[in-house]
Amino acid sequence: MPELPEVETIVRQLAPALRGQRILKAKVLRRDVLRESPTRFRGTVAGAEVRSVTRRGKNIVLSLSASSTSRFLVVNLGMTGQLLLRCHPRRPARPTHVAVAFSLDSGDSLLYADSRRFGRLALFSPEEWEAESERLGPEPLSPGLTPWTFHHGLAGSRAPVRSWLLDQTRLAGVGNIYACEALYRAGIHPARTGASLEPADSARLLMTLREVLREAIEARGTTLRDYRTASGEEGSFVAFLRAYGREGESCPRCGTPIVRIVFSNRSAFLCPRCQPEAPGGGP
DNA sequence: AGTGTATCCTGCAGGC
DNA sequence: TGCCTGCAGGATACAC
């Protein structure tokens, strides 16, 4: 569910709200979302102050400072994870599937809920997190990622371009929805190999990828079912999806029915006319 | 180097 | 209505 725009939305809401707040305690209701023992987890976060909330790929990164050490609490939402900030006075209904509940010194609580529990809350030392972060590819929206770098990454891969886009070690933050949307907009078939892309193709793809990510951030993400912002609202980008989930509907560009194909065990949605399988056909 | 498969889980839609 | 099957935005480990 949560890809870069969804995680970015959550981070933008949480950063100003959590900065400077102290975590009084953590209550662990489902221990399998943690990597370590609940006792150790509670001990590390209790009393820590939140210094900053940032994003790296699809990860929410809380920088914590405890009495003498600093730690990173890294939240990966998996498919159905939600990180919700509940403000004390209003006391809305508690979400279902809460796995970890943090109480903050303001009286607010920060809840991690996750029905499928594919998500993880992991604690890292600064060195460990730096190493983890280095395993991830560049941020798609970073100006440091140039069309040249992007093209050369793709050109060296015989994998389908969608697989390349989804590989977090090559590019951090792109998931199935936005990969499909960017490929649709660029007129590139998702199963074409990275190596088959001309420089103009990859330049166009980087442009449409950035465009769709920015538009989705503006819409606060795509809610298909479970995703919620930190304040519990749905994202509205689902209305702007042109290919993803639209099997059988007309291509907005040419009217050909959108088809769904499956490879690497995942669905891809595409317009067979605008996204020809053989390179060179073009829209 | 890549792919397919299985795994972690639950919930929901669709078929019968 | 109710049971069953398939499917889902992610990440990872494994065999081939």
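The model shown is predicted, which means the values in this text are computed figures rather than measured ones.
- If you take CG of A:Asp226 and C1' of C:dA8, they are 9 Å apart, rounded to a whole angstrom.
- A heavy atom lying under 4.0 Å from DNA chain C marks none of the residues of residues 206-218 of chain A.
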Summarise protein proximity over nucleotides 11-16 of chain C in one line of letters, 5' to 3': B for base, S for sugar-phosphate only, - for none, counting protein heavy atoms closer than 4.0 Å. S-----

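- Going from atom CD1 of A:Ile10 over to atom C1' of C:dG9 covers 12 Å, rounded to whole Å.
- Stem analysis of DNA chain B (Watson-Crick or G-U pairs, both distances under 3.5 Å, runs of at least three) returns B:2-8 with C:10-16, B:10-16 with C:2-8.
- Checked against ring pair (Phe, Tyr, Trp, His ring centres under 6.0 Å), A:Phe240 has the following partners two or more places apart in sequence or in another chain: A:Phe237.
- For the pair A:Asp167 CG and B:dG2 P, the computed distance is 9 Å after rounding to whole Å.
- Distances shorter than 4.0 Å separate some side-chain N or O of A:Ser267 from OP1 or OP2 on C:dA8.
- Atom CG of A:Leu165 and atom C1' of C:dG9 are 15 Å apart (whole Å).
- Taking a cutoff of 4.0 Å between a charged side-chain nitrogen and a carboxylate oxygen, A:Asp226 and A:Arg116 do not qualify as a salt bridge.
- If you take atom P in B:dC9 and the same atom in C:dC3, they sit 24 Å apart, rounded to whole Å.
- For A:Tyr244, the ring pair (Phe, Tyr, Trp, His ring centres under 6.0 Å) partners at least two apart in sequence or on another chain are A:Phe269.
- Residue A:Tyr178 places none of its side-chain N or O atoms closer than 4.0 Å to OP1 or OP2 of C:dG9.
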Trace of the side-chain hydrogen bond (donor to acceptor under 3.5 Å, both in side chains) decision for A:Ser231 with A:Thr229: CA-CA 5 Å; A:Ser231 57; A:Thr229 71; 3.1 Å; yes

Scan nucleotides 4-10 of chain B nucleotide by nucleotide, 5' to 3', and note B when protein non-hydrogen atoms come under 4.0 Å of the base, S if they reach only the sugar-phosphate, - if neither. SB--BBB

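- A:Arg35 comes within 4.0 angstrom of no nucleic acid atom, judged by non-hydrogen atoms across all strands.
- One can place CG of A:Leu224 at 14 Å from C1' of B:dA13, the figure rounded to the nearest angstrom.
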